[in-house]
Amino acid sequence: EERRFELLINSITNYAIYMVDHEGRVISWNPGAERFKGYTAEEILGKHFSTFYTEEDRRAGKPEASLANAAANGRLEQEGWRLRKNGERFWAAVVISPIHDEATGELIGYAKVTRDITDRREAQEALDRARAALFQSQKMEALGQLTGGVAHDFNNLLTVIVNNLAM
């Protein structure tokens with residue numbers, strides 16, 4: 001059964017699935033994690049998972065806060081920028097779940113599942129920009145119709161004045 005579970009985890013390549021100990025050091029690593037984070041298991045095992053966070057997020061204490069939040073609430077789901085080995089940023093959807101020892105209930109680590117959703121985020125941003133442009137276009141069209149109507153009414157008024165002056 002353990003071997004089948006290992007085969008299952010290792011066959012998943014669209015998600016990074018790995019475990020960190022209670023201090024945040026990486027203790028397991030699947031091929032999906034290697035695929036979009038860029039680290040081989042030999043390179044990352046034993047290193048702190050904050051390696052995947054941006055410098056700004058590390059300075060702000062977000063890696064530690066994520067683990068604390070997951071421990072306190074039983075689970076944490078979040079999105080944010082993460083780093084690949086080559087320094088490239090990607091937008092990630094992350095789920096962190098605490099793992100407790102079955103016998104003692106002691107916190108022994110965290111299961112982490114990460115998915116690269118950069119394409120989805122970029123598509124949403126493009127859609128938001130298109131909506132904003134459409135809204136701006138609609139505002140300009142309404143303004144054009146309003147000014148056209150005012151000009152037409154002003155022209156009618158001038159016609160009356162000019163005709164009266166002519167008489």
Does [X] belong to the same Ile/Leu/Val/Met/Phe/Trp/Tyr cluster as [Y], with side-chain heavy atoms less than 4.5 Å apart forming each link?
X	Y	value
Ile117	Ile17	no
Tyr53	Ile44	yes
Ile96	Val26	yes

Over all atoms of both residues, closest heavy-atom pair of [X] and [Y]:
X	Y	answer
His100	Gly105	ND1-O, 3.2 Å
Gly24	Leu67	CA-CD1, 3.9 Å
Ala16	Ala33	CB-CA, 3.4 Å
Asn14	Arg115	O-CG, 3.9 Å
Gly38	Glu43	O-OE1, 3.9 Å

Spatial distance of atom [atom1] ([X]) from atom [atom2] ([Y]) [nearest 0.5 Å]:
X	Y	atom1	atom2	result
Ile99	Ile108	CD1	CD1	6.0 Å
Asp57	Ser66	CG	OG	8.5 Å
Glu88	Leu83	CD	CG	9.5 Å
Lys85	Thr51	NZ	OG1	12.0 Å

Within the side chain of [X], is there an N or O that forms a donor-acceptor pair under 3.5 Å with the backbone of [Y]?
X	Y	answer
Asp21	Gly109	no
Ser28	Met19	yes
Asn163	Thr159	yes

(message) Within the supplied structure, the quantity of interest is the number of heavy atoms (other residues, nucleotides, ligands) at a distance under 6.0 Å from Glu56 CD; does it exceed 12?
(response) yes

(request) For residues 102-134, pull every pair meeting ring-ring contact (aromatic ring centres under 6.0 Å, His included), keeping only residues two or more places apart or in separate chains. (result) none

(request) Not counting sequence neighbours, list each pair that qualifies as a ring-ring contact (aromatic ring centres under 6.0 Å, His included) and has a residue in residues 22-46. (result) Tyr18-Trp29, Trp29-Phe52, Phe36-Phe90, Tyr39-Phe52

(message) Side chains of Thr104 and Asp101: any donor to acceptor distance under 3.5 Å?
(response) yes

(message) Please determine whether a side-chain nitrogen of the Lys or Arg among Asp116 and Lys37 lies less than 4.0 Å from a carboxylate oxygen of the Asp or Glu.
(response)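 Judged by the 4.0 Å cut-off on N to carboxylate O distance, Asp116 and Lys37 do not form a salt bridge.
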
(request) Flag the pair Glu55 and Arg58 as a salt bridge only when some basic side-chain nitrogen lies within less than 4.0 angstrom of an acidic carboxylate oxygen. (result) yes

(request) Any chance you could lay out the salt bridge (charged side-chain N to carboxylate O under 4.0 Å, His left out) test for Glu77 and Arg75, step after step, and finish with the verdict? (result) CA-CA 7 Å; Glu77 292 185 39; Arg75 178 182 170 115; 2.9 Å; yes

